[in-house]
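Here's the structure, in structure tokens; my notes come after.
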Amino acid sequence: MHMHIGQSAKRTRVVTLRDIELFTEITGDRNPLHYDELLASASRFGGIIVQGGVTSGLLNALVAEDLPGPGSVFLHVDWNFRAPVRPGDEITAEAEVLELRDDKPICTLRTTIINQDGTIVLDGTALVYRDPLVAGGAMT
């Protein structure tokens with residue numbers, strides 16, 4: 001895929017309680033903020049929230065599938081978690097190309113995730129190595 005400055009892509013999904021369970025199975029993160037309604041309600045979040053990895057994971061899919069696409073990997077991320085995400089929220093991740101290196105297949109992306117109300121729940125940047133995959137090996 002030929003990329004250019006300003007190019008962008010989006011991906012949307014609804015977060016579920018099952019996402020919390022699956023993330024816990026993978027990571028072992030059993031923080032009561034994700035499971036205990038009583039304790040979570042008494043916290044500054046006012047209820048159950050999903051793990052940050054569930055939220056940021058949508059950017060993994062966006063980068064791996066859409067922009068730059070298959071073969072891409074994160075080299076560095078600088079993300080700020082701005083607001084909680086709750087089960088039932090619809091989140092939309094967006095990545096925009098800010099910089100393309102001439103000497104290596106590396107790009108810098110602006111990364112943002114918003115919820116259904118337009119609230120920014122995550123923002124920052126990501127440095128991505130982009131090596132498109134093709135049958136028989138990497139493209140040259």
Side-chain angles (χ1 to χ4, degrees):
M1 163 194 265
H2 177 71
M3 294 176 51
H4 60 274
I5 304 296
Q7 184 175 351
S8 65
K10 291 183 182 182
R11 185 171 276 246
T12 300
R13 75 180 305 270
V14 173
V15 180
T16 67
L17 283 171
R18 182 71 180 132
D19 294 325
I20 293 173
E21 294 167 2
L22 290 170
F23 194 81
T24 296
E25 285 180 32
I26 294 167
T27 66
D29 180 352
R30 290 178 172 73
N31 186 327
L33 289 172
H34 312 308
Y35 286 98
D36 188 317
E37 185 64 50
L38 187 61
L39 287 174
S41 293
S43 76
R44 69 186 203 101
F45 299 110
I48 297 289
I49 60 172
V50 303
Q51 296 98 328
V54 171
T55 301
S56 64
L58 191 55
L59 287 166
N60 291 70
L62 179 69
V63 164
E65 300 292 330
D66 305 315
L67 182 71
S72 299
V73 294
F74 289 120
L75 297 177
H76 175 81
V77 296
D78 184 9
W79 289 333
N80 300 296
F81 292 84
R82 303 282 185 194
V85 174
R86 304 176 190 289
D89 281 355
E90 180 180 85
I91 57 173
T92 299
E94 181 174 11
E96 178 188 358
V97 178
L98 295 178
E99 181 181 339
L100 294 165
R101 291 204 22 196
D102 293 329
D103 61 329
K104 294 181 181 180
I106 294 174
C107 64
T108 301
L109 304 175
R110 174 183 296 119
T111 51
T112 308
I113 300 178
I114 62 169
N115 67 14
Q116 66 279 355
D117 299 321
T119 300
I120 295 172
V121 298
L122 179 153
D123 65 2
T125 58
L127 188 65
V128 176
Y129 182 84
R130 50 186 180 85
D131 190 10
L133 299 178
V134 296
M139 291 176 43
T140 56

Inset, instruction - Give the C-alpha distance, both sets of side-chain angles, the deciding distance and a yes or no for side chain to side chain contact (heavy atoms under 4.5 Å, CB included) between D29 and H34. - result: CA-CA 9 Å; D29 180 352; H34 312 308; 3.6 Å; yes
Inset, instruction - Taking the side chain as every heavy atom from C-beta outward, state whether V121 and D89 have any pair of such atoms under 4.5 Å apart. - result: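 The answer is no, as the side chains (C-beta and beyond) never meet within the 4.5 Å cut-off.
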Legend entry - I106: hydrophobic cluster co-members (side-chain, 4.5 Å): V73, L75, L127, Y129
Legend entry - Members sharing I120's hydrophobic cluster (side chains within less than 4.5 Å): I114
Inset, instruction - Mark yes when over 12 heavy atoms from residues, nucleotides or ligands other than R110 sit less than 6.0 Å from its CZ; otherwise mark no. - result: no
Inset, instruction - Give a yes or no on this: more than 12 heavy atoms of other residues, nucleotides or ligands lie within 6.0 Å of atom CG of D103. - result: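 More than 12 within 6.0 Å, yes.
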Following the transitive rule for hydrophobic clusters with a side-chain heavy-atom cut-off under 4.5 Å over Ile, Leu, Val, Met, Phe, Trp and Tyr, establish whether [X] and [Y] coincide in one cluster.
| X | Y | answer |
| --- | --- | --- |
| F81 | V63 | yes |
| V15 | L17 | yes |
| V77 | L62 | yes |
| V128 | M3 | yes |

Legend entry - With sequence neighbours excluded, residues passing side chain to side chain contact (heavy atoms under 4.5 Å, CB included) with I5: V97, L100
Inset, instruction - Mind checking side chain to side chain contact (heavy atoms under 4.5 Å, CB included) for R18 and listing every partner two or more places apart, or none if nothing turns up? - result: T16, E21, L22, E25
Interatomic spacing from [atom1] in [X] to [atom2] in [Y] - rounded to 0.5 Å:
| X | Y | atom1 | atom2 | answer |
| --- | --- | --- | --- | --- |
| H4 | C107 | NE2 | SG | 12.5 Å |
| E65 | N60 | CD | CG | 11.0 Å |
| T125 | L98 | OG1 | CG | 7.5 Å |
| R11 | L67 | CZ | CG | 11.5 Å |

If you take all heavy atoms of [X] and [Y], which pair is closest and at what distance?
| X | Y | value |
| --- | --- | --- |
| R30 | Y35 | CA-CE1, 4.2 Å |
| S56 | I113 | CA-CD1, 4.2 Å |
| T12 | E90 | CG2-CG, 3.4 Å |
| Q7 | H2 | OE1-O, 3.7 Å |

Does the [X] side chain pair with the main chain of [Y], one donor and one acceptor, at a distance under 3.5 Å?
| X | Y | result |
| --- | --- | --- |
| D117 | T119 | no |
| D66 | G69 | no |
| T111 | G124 | yes |

Inset, instruction - With sequence neighbours left out, write down each residue that passes salt bridge (Lys or Arg N to Asp or Glu O under 4.0 Å) with E99, or none if nothing qualifies. - result: none
Legend entry - With R86 via salt bridge (Lys or Arg N to Asp or Glu O under 4.0 Å) - residues at least two apart: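 For R86 there are no salt bridge (Lys or Arg N to Asp or Glu O under 4.0 Å) partners, ignoring immediate neighbours.
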Inset, instruction - Mind jotting down which residue pairs meet the salt bridge (Lys or Arg N to Asp or Glu O under 4.0 Å) criterion with at least one end in residues 71-84? Sequence neighbours excluded, please. - result: R82-D123
Legend entry - Pairing residues for H76 by the side-chain hydrogen bond (donor to acceptor under 3.5 Å, both in side chains) criterion, not counting sequence neighbours: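 Listed in chain order: nothing, the list is empty.
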Inset, instruction - Please list, chain by chain and in numerical order, all residues satisfying side-chain hydrogen bond (donor to acceptor under 3.5 Å, both in side chains) with T27, sequence neighbours excluded. - result: none
Legend entry - Full working for side chain to side chain contact (heavy atoms under 4.5 Å, CB included) between V54 and V85: CA-CA 9 Å; V54 171; V85 174; over 6 Å; no
Inset, instruction - Give every residue pair that meets the ring pair (Phe, Tyr, Trp, His ring centres under 6.0 Å) criterion with at least one member in residues 98-126, sequence neighbours excluded. - result: none
Legend entry - For F74, ring pair (Phe, Tyr, Trp, His ring centres under 6.0 Å) partners two or more places apart: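 Per chain and number, F74 pairs via ring pair (Phe, Tyr, Trp, His ring centres under 6.0 Å) with W79.
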Inset, instruction - Examine the side chains of T112 and E96 and answer whether a donor and an acceptor come within less than 3.5 Å of each other. - result: no
Identify all side-chain donor-acceptor contacts of residues 40-50 below 3.5 Å with residues at least two apart in sequence or on another chain.
residue : atom : partner : partner atom : Å
S41     : OG   : E37     : O            : 2.7
S41     : OG   : E37     : OE2          : 2.9
S43     : OG   : A40     : O            : 2.6
S43     : OG   : F45     : N            : 3.1

